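Given the structure is predicted, the values throughout are model-derived calculations rather than measurements. Atoms within each ligand, like the ligands themselves, are counted from 1 in listed order. Numbers for residues simply follow the sequence, beginning at 1.
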Amino acid sequence: MPDNIISTNSVSEKQSEYMNLTAEIMEIRKRGEKPLAYIRTYGCQQNVADSEKIKGMLAKSGFDFSDTPDDADFILFNTCAVREHAEDRVFGNVGALKNLKRKHPQIVIALCGCMMEQEHIANRIYNSFPFVNLVFGTHSLHHFPELLYNSLVNGKRIVERGNDDKKVYEGFPVKRDGIFKGWLPIMYGCNNFCTYCIVPYVRGRERSREKNIIIGEARQMIKSGYKDITLLGQNVNSYGKNLDNGVNFAQLIKEIDSIDGDYWLRFMTSHPKDCSKELIDTIAESSHISKHLHLPFQSGSDRILKAMNRHYDRKKYLEIINYAKEKIDDVSLTSDIIVGFPGETYEDFKETLSLIREVEFTSLLTFIYSPRVGTPAAEMDDPVSADEKSKWFRELLDVQEEIAAKRCSSMVGRVERVLIEGKKEKTDELNARTSGNIIVELEAPQELIGTFQNVKITKARNWILKGELIR
Ligand code: SAH
Ligand code: SF4
Ligand code: F3S
């Protein structure tokens with residue numbers, strides 16, 4: 001058996017006992033009427049989904065939730081390590097808790113997530129912030145109740161990281177943040193080791209959840225009214241590679257798609273090297289899968305793609321994109337891009353610009369390269385200045401703004417089915433989203449939040465659409 005074959009374990013009864021014990025302790029330790037927890041999540045949807053499990057475990061441990069740390073008995077930051085900026089925000093925000101802890105020493109302050117799986121960061125937190133009680137990494141989630149209980153009863157500081165046992169844990173109580181939009185993790189970890197990326201080091205090797213467990217959870221979500229379900233993984237389209245039942249990602253989504261109901265199915269993130277024609281055909285033929293493909297290409301230059309260890313070139317990427325455009329009616333394409341990878345020249349960068357012009361993406365997530373300790377790219381020569389990279393970055397944004405505006409204007413006059421998601425801040429308008437993941441603002445009664453409606457697109461403002469409800 002390859003050593004990444006996993007077995008499935010359930011969050012044990014022992015952990016349930018710890019949740020009960022914590023509930024008893026918190027009845028005595030609480031500051032207000034009920035024990036309160038404040039959870040702040042940084043980073044990607046994987047972290048959001050992990051926080052939903054933590055909230056589920058906290059709810060079973062007697063906690064309610066607060067949207068400020070000020071009145072909380074338990075404060076947790078679930079951190080992200082993907083870029084330096086994300087880490088800096090965490091350090092700043094943890095530092096700001098010092099006075100609160102001084103005033104109320106019984107508060108438990110905890111840090112978890114991707115940053116904590118890096119030894120130098122866990123050490124820095126331990127040494128710089130003596131008021132932090134508990135530090136645990138992404139591999140310790142399944143016994144969080146035990147860690148919290150221990151931290152409450154013995155008062156000692158706890159640090160736990162590097163606990164990668166290659167298992168998939170099931171049976172978490174999940175407290176989802178949304179009632180009609182929800183995340184459904186289908187796999188964890190990543191095997192790709194793109195040379196710039198910290199994720200494989202902090203989330204461990206790829207491991208897929210059992211198909212029947214995923215289908216059961218999807219069925220339950222659809223039954224309880226979820227309208228927009230996103231399947232999650234660092235590389236969703238390599239789903240199943242480490243399972244022995246031969247199911248691949250296209251087959252998995254085909255099966256979920258066959259569940260009756262009024263819902264959209266999304267997924268992220270797909271890797272171009274694993275994006276098969278079978279997957280695109282499945283999207284094209286499905287009833288529920290949104291006509292949206294988020295396919296990060298990172299760079300338009302073959303030289304840089306090679307240095308990034310991405311395992312595809314520009315030609316292969318465009319082949320997939322053209323196949324998707326041909327098969328999926330009005331497909332909406334989005335991507336992630338890194339500007340200023342070590343050794344990238346302006347010539348390379350121009351290849352990225354020409355690729356976005358050629359594809360005409362609906363929207364892009366764009367990042368300036370950030371060196372990550374322990375990754376190969378952090379050791380590469382990086383002669384281009386930060387100022388120069390910022391200039392390229394702005395040029396990229398300008399080009400994309402033009403493309404998005406053109407794409408959005410072409411939708412004016414059309415009727416689109418949208419999911420109404422919520423109220424827009426400081427106005428009476430509501431926000432909605434198309435199947436292609438484009439935001440539409442419209443005037444409509446608030447009771448329609450959480451429902452699908454048909455909307456006539458009346459205006460386009462950059463990458464946002466305005467629409468009128470059709471009753
Ligand atoms: N697994 C996903 C996304 C991972 S992180 C994928 O492969 O697409 C999300 C995005 O952050 C990446 O797509 C990449 O564009 C960006 N990113 C990752 N590491 C980075 C780094 N060191 N500097 C800048 N951007 C980075
Ligand atoms: Fe990082 Fe690459 Fe894995 Fe995505 S596929 S998480 S960018 S290593
Ligand atoms: Fe950040 Fe971890 Fe996600 S590093 S991007 S939260 S997997």
> So, K241 and E206, do they make that salt bridge, N to O below 4.0 Å?
Replying inline: no
> Are M115 and ligand 3 in contact, using a heavy-atom cut-off of under 4.0 Å?
Replying inline: no
>> Out of all atoms in ligand 3, which are within 4.0 Å of some heavy atom of R203? Include the element for each.
In response: 2 (Fe), 7 (S)
>> I need the atoms of ligand 2 closer than 4.0 Å to a non-hydrogen atom of V199, numbered in the order shown.
In response: 6 (S)
> Please walk me through it: do E278 and K254 pass salt bridge (charged side-chain N to carboxylate O under 4.0 Å, His left out)?
Replying inline: CA-CA 10 Å; E278 182 191 8; K254 204 179 265 180; 5.2 Å; no
List of N/O pairs, ligand 1 versus protein, all under 3.5 Å?
from     : atom 1 : to   : atom 2 : distance (Å)
ligand 1 : 1 (N)  : Q234 : O      : 2.7
ligand 1 : 1 (N)  : Q234 : OE1    : 2.8
ligand 1 : 11 (O) : R83  : NH1    : 2.9
ligand 1 : 13 (O) : Q298 : NE2    : 2.8
ligand 1 : 13 (O) : D336 : OD2    : 2.6
ligand 1 : 15 (O) : Q298 : OE1    : 2.7
ligand 1 : 17 (N) : R83  : NH1    : 3.4
ligand 1 : 22 (N) : Y196 : O      : 3.0
ligand 1 : 22 (N) : S370 : O      : 2.8
ligand 1 : 23 (N) : S370 : N      : 3.0
ligand 1 : 25 (N) : R83  : NH1    : 3.4

> Which of the atoms of ligand 2 are close to C190, meaning less than 4.0 Å from one of its heavy atoms?
Replying inline: 3 (Fe), 5 (S), 6 (S), 8 (S)
>> Before you tell me yes or no, could you show the steps for C197 and T375 under side chain to side chain contact (heavy atoms under 4.5 Å, CB included), namely the whole-Å CA-CA distance, both residues' side-chain angles and the distance that decides it to 0.1 Å?
In response: CA-CA 7 Å; C197 185; T375 61; 5.8 Å; no
> Quick check: does any side chain N or O of N133 sit under 3.5 Å from a backbone N or O of I109, one acting as donor and the other as acceptor?
Replying inline: yes
> Are K291 and E416 close enough for a salt bridge, meaning some N to O gap below 4.0 Å?
Replying inline: no
> Can you name the nearest heavy-atom pair linking R205 to P200, along with the distance?
Replying inline: NH2-O, 2.8 Å
> What residue and atom, counting heavy atoms only, is the protein's closest point to atom 4 (Fe) of ligand 2, and at what distance?
Replying inline: Q234 O, 4.3 Å
>> With heavy-atom distances below 4.5 Å as the criterion, would you say the side chains of E160 and H143 are in contact?
In response: yes
> Are there more than 12 heavy atoms of other residues, nucleotides or ligands under 6.0 Å from atom NZ of K227?
Replying inline: yes
>> Counting only heavy atoms, tell me which of C80, P200, C197, A86 gets closest to atom 1 (Fe) of ligand 3.
In response: C80
> Is it true that E360 and R407 make a salt bridge, defined as a side-chain N closer than 4.0 Å to a carboxylate O?
Replying inline: no
> To which protein heavy atom is atom 5 (S) of ligand 2 closest, and what is the distance rounded to 0.1 Å?
Replying inline: N192 ND2, 3.3 Å
> In ligand 2, which numbered atoms sit nearer than 4.0 Å to a non-hydrogen atom of C197?
Replying inline: 1 (Fe), 6 (S), 7 (S), 8 (S)
> How far does CG of N242 sit from CE of M187, to the nearest 0.5 angstrom?
Replying inline: 7.0 Å
> What is the nearest protein non-hydrogen atom to atom 4 (S) of ligand 3, stated with its residue, atom name and distance?
Replying inline: A81 N, 3.2 Å
>> Show the atoms of ligand 2 that are less than 4.0 angstrom away from any heavy atom in P200.
In response: 8 (S)
> Taking only heavy atoms of F193, which atoms of ligand 2 are found under 4.0 Å from at least one of them?
Replying inline: 8 (S)
>> Taking 4.0 angstrom as the limit and counting only heavy atoms of C44, give me the atoms of ligand 3 inside it, by number and element.
In response: 3 (Fe), 5 (S), 6 (S), 7 (S)
>> Please determine whether C114 has a backbone or side-chain N, O or S atom lying under 2.8 Å from atom 1 (Fe) of ligand 3.
In response: no
>> Show me which atoms of ligand 3 lie under 4.0 Å from any heavy atom of Q234.
In response: 7 (S)
> Any idea which protein heavy atom is nearest atom 2 (Fe) of ligand 2, and the distance to it?
Replying inline: C194 SG, 2.3 Å
> What's the shortest distance from atom 7 (S) of ligand 2 to any protein heavy atom, and which residue and atom give it?
Replying inline: Y196 OH, 3.4 Å
>> Are F367 and Y196, when compared by the centres of their aromatic rings, separated by less than 6.0 Å?
In response: no
>> I'd like to know if E319 pairs up with K316 as an ion pair, taking the criterion as any Lys NZ or Arg NE/NH1/NH2 lying under 4.0 Å from an Asp or Glu carboxylate oxygen.
In response: no
> Name the one of Y18, F136, Y169 that satisfies ring-ring contact (aromatic ring centres under 6.0 Å, His included) with F144?
Replying inline: F136
> Considering only heavy atoms of R310, which atoms of ligand 2 have at least one such atom less than 4.0 Å away?
Replying inline: 2 (Fe), 7 (S)
> So, are R303 and D348 salt-bridged, with charged N and O less than 4.0 Å apart?
Replying inline: yes
> Atoms of ligand 2 less than 4.0 Å from H271 heavy atoms?
Replying inline: 5 (S)
>> Between the side chains of K55 and E52, is the shortest nitrogen-to-carboxylate-oxygen separation below 4.0 Å, so that they form an ion pair?
In response: no
